[in-house]
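Only one structure is covered here, and it is reproduced in the block below.
In what follows, chains are A, B, ... by sequence order, proteins preceding strands, each numbered from 1.
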There are 2 protein chains.
Amino acid sequence: MKKVTMDDVARHSNVSKSTVSQYLNKRYDYMGVDTKRRIESAINELGYRPNFVARSLKQKRTSTIGVIIANILHSFSTKIVRAIEDVCNENDFHVIICNADDDPAKERKYINMLRSKQVDGIIVFPTGGNMELYQSMVSEKFPLIFVDRMLDELTVDTVLLDNQEAAYIAVEHFLNLGHTRIGVITSSLIHKITPRVERIEGYKKALSENGVPIKDEYIKGLKVEDMKQGLREMFTSDEPPTAILACNDLSLIEVLNYVKENGLSIPDELALIGIDDDPFANIFSPPLTTVSQPVFEMGKKAAELLLEKIKNAEREGIVQIYRFPPSLIVRRST
Amino acid sequence: MKKVTMDDVARHSNVSKSTVSQYLNKRYDYMGVDTKRRIESAINELGYRPNFVARSLKQKRTSTIGVIIANILHSFSTKIVRAIEDVCNENDFHVIICNADDDPAKERKYINMLRSKQVDGIIVFPTGGNMELYQSMVSEKFPLIFVDRMLDELTVDTVLLDNQEAAYIAVEHFLNLGHTRIGVITSSLIHKITPRVERIEGYKKALSENGVPIKDEYIKGLKVEDMKQGLREMFTSDEPPTAILACNDLSLIEVLNYVKENGLSIPDELALIGIDDDPFANIFSPPLTTVSQPVFEMGKKAAELLLEKIKNAEREGIVQIYRFPPSLIVRRST
DNA sequence: CTGAAAGCGCTTACAG
DNA sequence: CTGAAAGCGCTTACAG
């Protein structure tokens with residue numbers, strides 16, 4: 001099964017490769033009608049399919065982008081990827097997916113491989129562990145967009161949620177309902193992952209603006225395996241919280257497990273809000289009040305920004321942080 | 001910012017491009033220690049990164065595969081993708097993701113684009129709507145693997161669940177608990193999507209083998225928007241089912257909604273089993289009995305089969321159907 | 001309106 | 001042990 005190339009098409013239609021190439025690139029300006037027809041039928045007869053690798057080599061672009069996410073098993077990543085893929089498809093771009101699993105070494109390997117493959121740009125949920133590498137891409141003006149996390153020492157266009165606001169509106173809702181003993185739980189804070197840190201900030205801000213004292217016992221930033229214990233501490237204290245904000249899916253599940261195991265009733269004994277509007281929130285009993293992010297819009301924006309950068313590689317854009325507004329979806333857990 | 005090429009490295013280290021290439025491909029056999037060192041330091045100094053596009057053109061392989069799934073928002077697809085990506089990463093392959101959304105036109109476009117990009121192989125959840133195209137890939141011996149769905153007119157290696165068994169063990173469990181009025185609901189059957197059809201077959205087989213008559217009123221293959229109505233019909237009949245098997249996530253959610261709206265209690269008034277062990281099944285109240293598939297193993301197998309095929313392009317392998325065993329996870333909804 | 005030629009950045013027989 | 005040369009399949013300025 002010999003591969004058919006442009007040369008075969010040229011021979012078959014008695015023109016030169018140049019002309020075939022013009023045809024393929026729809027530069028018909030000066031092309032004879034007959035030539036056009038001959039090429040067309042040769043292509044069909046031979047079942048010719050252009051080789052994009054050869055074209056890419058010559059044109060120095062691949063119409064392919066890379067996306068490095070934390071983990072595609074997280075519903076947030078999945079939705080972002082889907083939105084990116086849709087935008088890329090409309091623009092005849094392809095997307096290569098990589099799971100860095102929050103591991104800087106894996107992230108570095110992927111970035112290097114993607115660049116070796118000559119992708120035209122990269123969208124990354126940065127681990128934060130490869131500052132020099134990010135920096136070098138910035139200096140080279142390689143098209144790069146960050147999603148979900150901000151690295152403030154770096155000037156990279158970034159798309160993320162207004163995390164502070166997300167926690168703020170949740171806590172405000174609790175306060176309006178009369179709660180003052182409000183707990184918050186999220187994943188480990190030691191790596192200063194943007195959304196976690198900012199959500200805690202928003203939580204504190206809402207409390208202090210409303211004159212409610214901040215108690216450290218109510219604030220838990222823990223690894224998943226320690227959450228159960230953390231919750232126990234919080235709930236067995238003298239003044240257990242009457243409301244709790246779960247800052248992401250993982251901690252929400254831990255809270256729900258704790259609630260079930262200890263037979264607490266929602267919302268009577270404990271009011272609950274989760275950030276990240278997972279599908280199951282709505283079919284849970286009772287349906288859960290959540291703060292949702294406009295995930296598809298965020299993914300779309302990231303893709304559009306990247307494609308824009310790729311088109312205007314040279315243009316000296318102003319680096320921007322794109323904050324998306326969260327929204328409170330009140331259901332029956334508050 | 002001029003890109004540094006192999007030529008630059010060669011000049012910088014006073015050797016020819018050939019030698020640099022040998023170095024990069026670790027063919028050190030006859031290479032002088034000093035030469036090696038010079039090349040090495042030139043690469044580091046210049047920050048040289050090989051261009052895989054050029055290499056691919058010459059070598060006629062890209063170390064990239066394409067994966068065409070129905071929709072990455074489905075948790076089954078996501079897990080398969082993740083498993084594939086892991087296997088590929090270990091083998092230094094990249095994966096391009098495409099969502100065909102069960103649309104044969106989209107599928108066709110993607111297959112053609114992927115082949116133009118010279119991917120080394122494709123894994124696809126076939127829509128079933130492009131038989132000639134699949135057939136032509138088979139004839140060309142282009143590495144191809146099907147996942148989740150079987151097209152029996154075609155000889156393509158396929159990885160899928162033993163769907164019949166999945167429904168069978170669920171129904172058997174119901175029967176053992178004394179149920180005889182057992183309903184089943186799944187998505188539309190008109191396109192003869194393998195898992196749907198086979199699960200209904202398994203359902204029927206379990207009933208007839210146990211001497212329970214099959215009633216068409218208990219069998220619903222419907223589009224999502226019609227499911228609510230279908231459930232109403234089933235439950236308002238003279239002899240409403242006391243147990244129901246939801247063949248996929250979508251129908252499970254519809255059943256749960258119906259249950260909630262009509263205040264049915266699970267499992268007392270209705271026993272329920274879902275196929276596809278979605279994470280929420282376990283935190284639902286009550287936790288749901290499900291039939292789970294070994295999704296990661298399936299994705300892993302698909303990737304391994306494809307890579308194997310790519311390595312031994314010429315070997316005339318026997319086409320196989322790989323069936324994976326489901327398992328019943330008994331929780332509290334039965 | 002169309003073609004000859006150079007070149008994209010590699011790899012790979014082959015020669016020495 | 002290393003290099004000169006050809007070639008992978010395209011595109012693109014340029015000539016005519």
Whole-Å distance, A/R55 CZ to C/dC10 P, equals 21 Å
Excluding sequence neighbours, so at least two apart, what forms side-chain contact (heavy atoms from CB on, under 4.5 Å) with B/R323? B/M150, B/L160, B/D162, B/N163, B/E198, B/I321
It should be established whether A/Y48 places a side-chain nitrogen or oxygen under 4.0 Å from OP1 or OP2 of nucleotide D/dC10. yes
Short side-chain N/O contact to C/dT11 OP1/OP2 from B/S21, under 4.0 Å: yes
Is there a donor on the side chain of B/K58 or the base of D/dG7 sitting less than 3.5 Å from an acceptor on the other? yes
Residue closer to the 5' end of DNA chain C, B/A54 versus A/K17 (nearest nucleotide): A/K17
Send over the distance from B/R61 CZ to C/dC10 C1', rounded to a whole Å. 13 Å
Any A/S16 side-chain N or O less than 4.0 Å from OP1/OP2 of C/dA4: no
Any carboxylate oxygen within less than 4.0 angstrom of a Lys/Arg side-chain nitrogen, looking at A/D8 and A/K3? no
Please table the atom pairs, donor to acceptor, closer than 3.5 Å between any side-chain atom in residues 293-307 of chain B and protein atoms at least two apart or in another chain.
unit_1: B/Q293; atom_1: NE2; unit_2: B/D276; atom_2: OD1; d: 2.9
unit_1: B/K300; atom_1: NZ; unit_2: B/E304; atom_2: OE2; d: 3.3

Using whole Å, what does the distance between atom C1' of nucleotide D/dG9 and atom CZ of A/R11 come to? 13 Å
Provide, to the nearest angstrom, the distance between the CG atom belonging to B/N51 and the P atom belonging to C/dG7. 18 Å
Compare side-chain N and O positions of B/T5 against OP1 and OP2 of C/dC8 and report whether any pair is under 4.0 Å apart. no
Closest-nucleotide 5' rank along DNA chain C - winner of B/S18 and B/V53: B/V53
Pairwise ring pair (Phe, Tyr, Trp, His ring centres under 6.0 Å) hits with a residue in residues 79-111 of chain B, at least two apart: none
List the residues meeting side chain to side chain donor-acceptor pair (under 3.5 Å) with B/E45, not counting sequence neighbours, and say none if there are none. B/H12
Rounded to whole angstrom units, what separation is found between the NZ atom of B/K3 and the P atom of C/dC10? 10 Å
Phosphate-side-chain proximity, B/K60 and C/dT11, N/O vs OP1/OP2 below 4.0 Å: no
Which whole-number value in Å describes the distance from B/Q22 CD to C/dT11 P? 9 Å
A/Q118 side chain near C/dC8 phosphate (N/O to OP1/OP2, under 4.0 Å): no
On DNA chain D, more 5' by nearest nucleotide between B/Q59 and B/R38 is B/R38
Ionic contact status for B/R82 with A/D101, cut-off 4.0 Å: yes
Euclidean distance, atom OH of residue B/Y23 to atom P of C/dT11 [Å, nearest integer]: 14 Å
Whenever both distances are under 3.5 Å in a Watson-Crick or G-U wobble pair, mark it; put DNA chain D into dot-bracket that way, with [ ] for crossing pairs and | when the partner is on another strand. |||.||||||||.|||
Taking all atoms of both residues into account, what is the closest heavy-atom pair of B/Y134 and B/P126, and its distance? OH-CB, 3.6 Å
Residues 118-133 of chain B vs salt bridge (Lys or Arg N to Asp or Glu O under 4.0 Å), sequence neighbours excluded, gives B/R108-B/E132
Measure from the side-chain heavy atoms of A/L57 and tell me the nearest of D/dT11, D/dT2, D/dG9. D/dG9
Atom pair distance, as rounded to whole Å: CE in A/M6 and P in D/dC8: 14 Å
